[in-house]
Amino acid sequence: DEMRAQPRTATFEAASPAVSLTLPARPSRLFGWLTALRREDPGIFPLFGPILVSQYANIANGVIDTAMAARLSTVELGGVAVGVALWMPIYMFVIGVLVSVLVSISHQTGAGDQDGVRRTAHQGIWLGCLLGLLAAGVIWLLSLRIEWFGATGDLVAPAQEYLRVVILGLPLGGMAVALRFYCEGQGKVLPVTVLAVLMVCWNAFFKYGLMFGNLGMPALGLKGCGLATALGMAAFFLMLLGYVTLTPAQAANRLFKGF
């Protein structure tokens, strides 16, 4: 330990008399981490910030559901809680599988394989649609036994009503996730974040209208809540599709080139 604490000394022989230099002790591990972070942060933080905002935007949609349902009644609030507890984990499974699209496209983008990026994105879109259909079918079947998930008495009908409308958007929701990962895998995270924030506004607007009959829309209660969620998934898909097919930023690598 005493030897480790002592500074290292190196002696250099030259034409002039010997010169002794004292080298500093080995830098701490924390200093090494800070050095690595300073070296990498120009590439990390432009990706980290928008992705973080996108994740919080997704959380905000759930908060909007809860706040809106609470204004209807405690029974409707309980129905939404049971419904979300059922469909959201299954949808998260779909997203987890589609993360493979993000990983593959990131590797192919780094390797400069643009044709491979497009092929992976095409397969991801089909996979997202298929997984969305399967998730919708599973959720519909489970809604027939909603009591397995804590819904009893007055909660059964509201939870089933909500779920059977939400599932209509899951196929397009899966395709939207694939398009999102297509963009993020190429480092284009800011457009996805902008659209995710717009979807928070979309959900608030349409749930306010469809649940309570405001803004000239029909009052559909929990069915309106589920319908707004399904329409939001469809709108997110269409917005992302418009971005990857129409914007100049994607002109060099059109998604459906040679589709």
Side-chain angles (χ1 to χ4, degrees), residues 53-92 94-95 129 132-133 135-177 180 192-242:
V53 173
S54 296
Q55 295 304 108
Y56 277 111
N58 291 332
I59 295 172
N61 289 324
V63 174
I64 290 171
D65 282 359
T66 303
M68 295 286 187
R71 294 186 57 193
L72 291 172
S73 73
T74 55
V75 173
E76 277 75 8
L77 177 59
V80 167
V82 173
V84 170
L86 177 57
W87 79 266
M88 187 57 73
I90 296 174
Y91 189 57
M92 289 298 102
V94 172
I95 294 175
C129 181
L133 287 170
V138 170
I139 292 168
W140 184 81
L141 289 173
L142 291 177
S143 71
L144 300 177
R145 294 291 181 267
I146 196 71
E147 64 274 6
W148 293 351
F149 303 93
T152 57
D154 294 339
L155 296 181
V156 172
Q160 290 176 334
E161 181 180 48
Y162 169 72
L163 284 171
R164 291 173 184 177
V165 181
V166 167
I167 61 176
L168 298 177
L170 292 182
L172 288 177
M175 296 167 73
V177 171
R180 170 191 168 181
V192 175
T193 299
V194 172
L195 294 180
V197 173
L198 287 176
M199 291 316 305
V200 175
C201 301
W202 169 288
N203 280 323
F205 178 82
F206 279 97
K207 285 177 182 177
Y208 177 73
L210 291 172
M211 291 177 71
F212 306 105
N214 297 318
L215 307 172
M217 302 181 195
L220 300 177
L222 285 189
K223 190 176 292 185
C225 181
L227 180 60
T229 299
L231 291 175
M233 293 180 187
F236 192 42
F237 169 72
L238 292 175
M239 290 179 185
L240 285 170
L241 186 64

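When a residue number appears, it is its place in the shown sequence, counting from 1.
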Exercise: identify the closest heavy-atom pair between Ala176 and Leu240: O-CD1, 3.3 Å
Are Tyr162 and Val82 packed together at the side-chain level, in the sense that at least one heavy-atom pair is separated by less than 4.5 angstrom? no
Compare every heavy atom of Pro158 with every heavy atom of Gly79, then report the nearest pair and how far apart it is. CA-CB, 4.2 Å
Minimum heavy-atom distance between Leu142 and Leu86, given as atom pair plus value: CD1-CD1, 3.7 Å
Side-chain heavy-atom pair Tyr91, Ile139 within 4.5 angstrom cut-off: no
With sequence neighbours left out, write down each residue that passes side-chain hydrogen bond (donor to acceptor under 3.5 Å, both in side chains) with Glu147, or none if nothing qualifies. none
Output for pair (Arg164 CZ, Leu144 CG), nearest 0.5 Å, gives 5.5 Å
Can you tell me how far CE of Met88 sits from CG of Asn58, rounded to the nearest 0.5 angstrom? 8.0 Å
Counting only pairs under 3.5 Å, give me each side-chain donor-acceptor contact of residues 221-229, with atom names and distances, residues two or more places apart or in other chains.
residue : atom : partner : partner atom : Å
Thr229  : OG1  : Lys207  : NZ           : 3.0
Thr229  : OG1  : Cys225  : O            : 3.1

Measure the CE-CG distance between Met217 and Leu210 for me, rounded to the nearest 0.5 Å. 5.5 Å
Measure the spacing between CG of Leu168 and CH2 of Trp140 and express it to the nearest 0.5 Å. 12.5 Å
Value rounded to 0.5 Å, distance of CZ in Arg180 from CG in Leu195: 11.0 Å
Is there side-chain contact between Trp87 and Leu163, with at least one heavy-atom pair below 4.5 Å? yes
Mind listing the closest non-hydrogen atom pair of Gly169 and Met233 along with its distance? O-SD, 3.2 Å
Atom pair CG/CE of Asn61 and Met199 - distance to nearest 0.5 Å: 7.5 Å
Please say whether more than 12 non-hydrogen atoms of neighbouring residues, nucleotides or ligands are located less than 6.0 Å from OH in Tyr208. no
Has Asp154 got more than 12 heavy atoms of other residues, nucleotides or ligands less than 6.0 Å from its CG? no
Do you know which two heavy atoms are closest between Ala230 and Val166, and how far apart they sit? CB-O, 4.0 Å
May I ask you to test the Val94-Leu170 pair for a side-chain heavy-atom distance under 4.5 Å? no
Heavy-atom nearest pair, Asn203 first then Gly232, reads OD1-CA, 4.3 Å
Evaluate the side-chain contact (heavy atoms from CB on, under 4.5 Å) criterion for residues Leu72 and Leu77: first the C-alpha distance (whole Å), next the side-chain angles of each, then the deciding distance (0.1 Å), finally the verdict. CA-CA 7 Å; Leu72 291 172; Leu77 177 59; over 6 Å; no
